[in-house]
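These notes concern the structure reproduced below.
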Amino acid sequence: MRILFATSNHHKVMEANEVGKNFGVEFSQLMERYPEIRDEDVSRVAEAGAKFVFEKIQKPVVVEDTGLFIEALNGFPGSYSAFVFKKIGNQGILQLLKEKENRNARFISAVGYCDSDGVRIFQGLVEGSIAREAKGGAGFGYDPIFIPEGQSETFAQDPEMKNGISHRRRAFEKFCRWVIGRK
Ligand code: ITT
């Protein structure tokens, strides 16, 4: 089964396909932009994005929105993670946490799927902490500063570990299970 995935980020498509291959689901990248609404909840951002793209292309489509929620910063940057990453990057986040003992953080991924029956949301979450310094060359975005719970390395140091436990894996697993079980 082939499903369109509207995203500008090819890393997301590769990670989704690592999950999809276990379910016979293949994701194809669709370079279709959509407005990211201002909402603190990544699920609502994904929901609005999926509806927007579906209405435009009239084909079933997936979009995904991810946020990094840092406890000591009251959940910042959250659903504003893309904007914050562009503005201050990983070094900016490390700077904001310089004096902080509490390094707890979580990634939340929301996959939105829209077809003529409407939109559905599938969430995945991984708990972890923000490293003291950026490490690793794999992955993208905040991967060099995120250490998942129970691990000693960042997502960027161990992409296989990331693929096994990430927020995205968890959200796409839920989606794939649902989509192949439907009908
Ligand atoms: P699209 O919106 O086009 O899908 P994007 O990269 O802008 O691609 P998001 O808005 O979901 O995706 O991402 C928010 C930010 O969080 C952005 O800066 C990403 O680089 C970063 N991000 C998303 N998923 C991540 C992951 O698995 N690991 C590290 N950083 C991630």
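Sequential numbering from 1 along the given sequence is applied to the chain's residues. Everything quoted here is computed from the prediction, not taken from an experiment. In each ligand, atom 1 is the first atom listed, and ligand 1 is the first ligand listed.
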Inset, instruction - Have a look at Phe146, Phe155, Phe85, Phe140 and point out the one with the heavy atom closest to atom 18 (O) of ligand 1. - result: Phe85
Inset, instruction - Taking atom types as modelled, find out whether Asn102 and Glu71 have a side-chain donor-acceptor pair closer than 3.5 angstrom. - result: yes
Legend entry - Which residue and heavy atom of the protein sit nearest atom 7 (O) of ligand 1, plus the separation: Ala82 CB, 4.0 Å
Legend entry - Proximity of His11 to ligand 1 by residue part, where a heavy atom lies under 4.0 Å: neither
Inset, instruction - Could you grab the distance from atom CD of Gln157 to atom CD of Gln151, nearest 0.5 Å is fine? - result: 11.0 Å
Legend entry - Protein contact of atom 13 (O) of ligand 1 - nearest heavy atom, named by residue and atom, plus distance: Thr66 O, 4.0 Å
Legend entry - Nearest neighbour in protein (non-hydrogen) for atom 3 (O) of ligand 1: Ser8 OG, 2.7 Å
Legend entry - Geometric N/O contact Glu15 with ligand 1, under 3.5 angstrom: no
Legend entry - Protein residue, atom and distance nearest to atom 10 (O) of ligand 1, heavy-atom basis: Glu36 OE2, 3.3 Å
Legend entry - Centroid separation Phe122 to Tyr113 less than 6.0 Å: no
Inset, instruction - Would you please test Lys135 and Glu153 for salt bridge (charged side-chain N to carboxylate O under 4.0 Å, His left out) and show each step? - result: CA-CA 8 Å; Lys135 279 193 184 160; Glu153 296 195 307; over 6 Å; no
Legend entry - atom 28 (N) of ligand 1: nearest protein contact (heavy atom, Å): Asp143 OD1, 2.6 Å
Inset, instruction - Please say which of Arg169, Arg170, Arg106 ends up in a side-chain contact (heavy atoms from CB on, under 4.5 Å) with Val126. - result: Arg170
Legend entry - Main-chain N/O of Gln123 paired to Lys174 side chain as donor or acceptor, under 3.5 Å: yes
Legend entry - Top protein contact for atom 20 (O) of ligand 1, by heavy-atom distance: Gly141 CA, 3.5 Å
Inset, instruction - Starting from atom 12 (O) of ligand 1, find the nearest protein heavy-atom neighbour and note its residue, name and distance. - result: Lys12 NZ, 3.0 Å
Legend entry - ligand 1-proximal atoms of Lys86, by part, heavy-atom distance under 4.0 Å: neither
Inset, instruction - Mind checking the SG-CE spacing from Cys176 to Met1? Nearest 0.5 Å is all I need. - result: 9.0 Å
Inset, instruction - Could you state whether Ile165 and Phe172 fall into the same hydrophobic cluster, counting links through intermediate Ile, Leu, Val, Met, Phe, Trp or Tyr residues with side-chain heavy atoms under 4.5 angstrom apart? - result: no
Legend entry - Distance-only N or O hit between ligand 1 and Arg33, under 3.5 Å: no
